[in-house]
> 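To start, I am sharing the structure in question, which I have written as structure tokens.
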Amino acid sequence: MINFDEEIKRYKPCLEIDEAEQAIYDYEVKDVTDILNEMIKEFNKDNN
Amino acid sequence: MLCPKCGDNLLSDGYCNNCNIKVDIYKKILNTSKFLYNQGLELAQIRDLTNALNVLNQSIKYDKNNIDARNLLGLIYFEIGETVQAIRHWVISKNLKPTDNIANEYLNIIQNNHSNLNKLNTAIKKYNQSLNYIHQKSEDLAIIQLKKVVSINPKFIKAYCLLALCYIKSEQKSKAIKYLQKVLKIDNNNYIAKKYLDLIDREEKEESLDDNIVQSETNNYNPIRTTSSFQQLLFIFAGLILGLAVSLFLIIPSKVKAKNNEIDKLNSELEIIKEQLSEQTNLYNTELNKNKELTNKYNELEQEYNYYYDVTNELKDIIKAKDYYERGDLANATDQLILVNKSTLENTEFYSWYNELNDNVALDNYNLGMNYYWRYTRTYYLKAIEQFDKCLKLKDHTDALFFRGISYYNIGEYGKAAEDFNDLIQKYPDSKRSESAKWYINQISSYLD
């Protein structure tokens, strides 16, 4: 049996076209290589 | 050789001084990203869009500069109705690689077709509105909105799934199945659609299983065999009694209850209609009262207008009379003043002014009458009578009445003389002329005898 109230919680509102600009600015463009670089910098800092 | 990350020169062993990392690691990461992109592409080609999205998102997590993965991601998002997500990825792709990039083409297509963009935006707004309706427990309104959404954007998967969920809740499973199948046509591995279909299928199986159990249980019952006609009659009679009992105790009460419920419903509807009728009646009465008030106000204003109209007319006559009087034309001044209806002016500020003029004109008429009276000829008595008449038309004047009576007496008009003297005696019994008037009346009586 489908629990309607629980199922509805999974549905979030969609972004509207007017909100696209903000959505682009808020988008975090980071990948694994950026994370790796940050980790290396942290590591080097701790060692120094 | 240059570092693929920062573009700096690499050392001979493949180490980048700037990033402090061996370039082989970068190459592995980039290859992973490409590998995931290829997987995503294969999945997209067979319309397994859900898994394609997952894989492509991972691809750009490994390498954010993987333009192909990003463009394909945007395309898939656009295909499933997530327009803003699509635009986001294409814009980022365009920023990372401004030239020779298919994302430019996609963005131009969307931006140049304003009406289509508006339609897509409308679909998103209505989808969000329908979510609000559901949170407000108005699933019926949500269904109406969602049907509009899918008619505007027939690829909006989220809307289809939500619509199907609403239909499932309202026990319209066949409609839910219809929309879920549409979802699977677009995205053949959409897990939400599959989950709902699976649950519907299981429920239907459970229901049919219950039916089967009932069916199989009834097969265990054998029919009763009768041995003699008497027993048959007995069984028939028992059956009739049982049937009657069932109808008396089960069917009829439930029917009566149903009818009572119907009556209650109609009664409550009747109450609502009565309330509405009462409201309408009150409104009507209020409007009627307002109308009456306005009518009364109108009548008042009309009366006021008529009154001031009359006053104005009287004032015109008075002004004419004053004008004649100032020019010495006593006759015309008198005639104008005789026309004035003094009761109209009684409560106005013009009354005293009118009275003053009236008194002056009346006195002048009396004085002229007395001038004629002292001539002692018939002709002048007649002229005196005329003047005294005018004076008395303007105001009550004891002497004018008395001398008119004497004038009538002197020309032999005893009847008219007697009238004037009697009038004087009645109106002014205490005046100095009343004794003389009584004497004249006695004289006239002796003449008439």
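Values below: every heavy atom of this structure, side chains too, minus hydrogens, waters and symmetry copies. Just so we're on the same page: letters track the sequence lines, and every chain starts at 1.
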> Measuring only between side-chain heavy atoms, which start at C-beta, is His135(B) closer than 4.5 Å to Ile8(A)?
yes

> Of all heavy-atom pairs between Asn128(B) and Cys14(A), which one has the smallest distance, and what is that distance?
OD1-N, 2.8 Å

> Does any backbone or side-chain atom of Lys137(B) lie under 4.5 Å from a heavy atom of chain A? Answer side chain, backbone, both or neither.
side chain

> Please say whether more than 12 non-hydrogen atoms of neighbouring residues, nucleotides or ligands are located less than 6.0 Å from OH in Tyr62(B).
no

> Supply the atom-to-atom distance Ile24(A) CD1 to Ile92(B) CD1, rounded to the nearest 0.5 angstrom.
6.5 Å

> Is it true that atom CD of Gln172(B) has more than 12 heavy atoms of other residues, nucleotides or ligands lying nearer than 6.0 Å?
yes

> Please classify the contact between Leu96(B) and chain A as side chain, backbone, both or neither, with a heavy-atom cut-off of under 4.5 Å.
neither

> Do Ile134(B) and Tyr11(A) have side-chain heavy atoms sitting under 4.5 Å apart?
no

> Hey, could you give me the CG/CD distance between Asp31(A) and Gln58(B), rounded to the nearest 0.5 Å?
13.5 Å

> Heavy-atom cut-off 4.5 Å, strictly under: side chain, backbone, both or neither for Ile60(B) against chain A?
both

> Which region of Tyr127(B), side chain (C-beta onward) or backbone (N, CA, C, O), has a non-hydrogen atom less than 4.5 Å from a non-hydrogen atom of chain A, or is it both or neither?
side chain

> Could you pull out the closest heavy-atom pair between Lys125(B) and Glu16(A), with the gap in Å?
CE-OE1, 3.0 Å

> How about Glu21(A): does its CD atom have over 12 heavy atoms from other parts shown lying under 6.0 Å from it?
no

> What part of Glu139(B) gets within 4.5 angstrom of chain A, counting heavy atoms only: side chain, backbone, both, or neither?
side chain

> Identify which part of Lys41(A) has an atom lying under 4.5 Å from any heavy atom of chain B, answering side chain, backbone, both or neither.
neither

> Which region of Leu162(B), side chain (C-beta onward) or backbone (N, CA, C, O), has a non-hydrogen atom less than 4.5 Å from a non-hydrogen atom of chain A, or is it both or neither?
both

> On a heavy-atom basis, which atom in Lys64(B) and which in Asp34(A) lie closest, and how many Å separate them?
NZ-OD2, 2.8 Å

> Counting only heavy atoms closer than 4.5 Å, note whether Lys158(B) contacts chain A via side chain, backbone, both or neither.
both

> Is the number of heavy atoms from other residues, nucleotides or ligands within 6.0 Å of NZ (Lys61(B)) greater than 12?
no

> Specify the closest pair of heavy atoms between Ile17(A) and Asn121(B), including all atoms of both residues, with the distance to one decimal.
N-OD1, 3.0 Å

> Given salt bridge (charged side-chain N to carboxylate O under 4.0 Å, His left out), test Glu7(A) with Lys195(B) step by step and report yes or no.
CA-CA 11 Å; Glu7(A) 201 59 40; Lys195(B) 180 173 111 178; 3.0 Å; yes

> Check each atom of Glu82(B) against the heavy atoms of chain A and say whether the ones under 4.5 Å are side chain, backbone, both or neither.
side chain

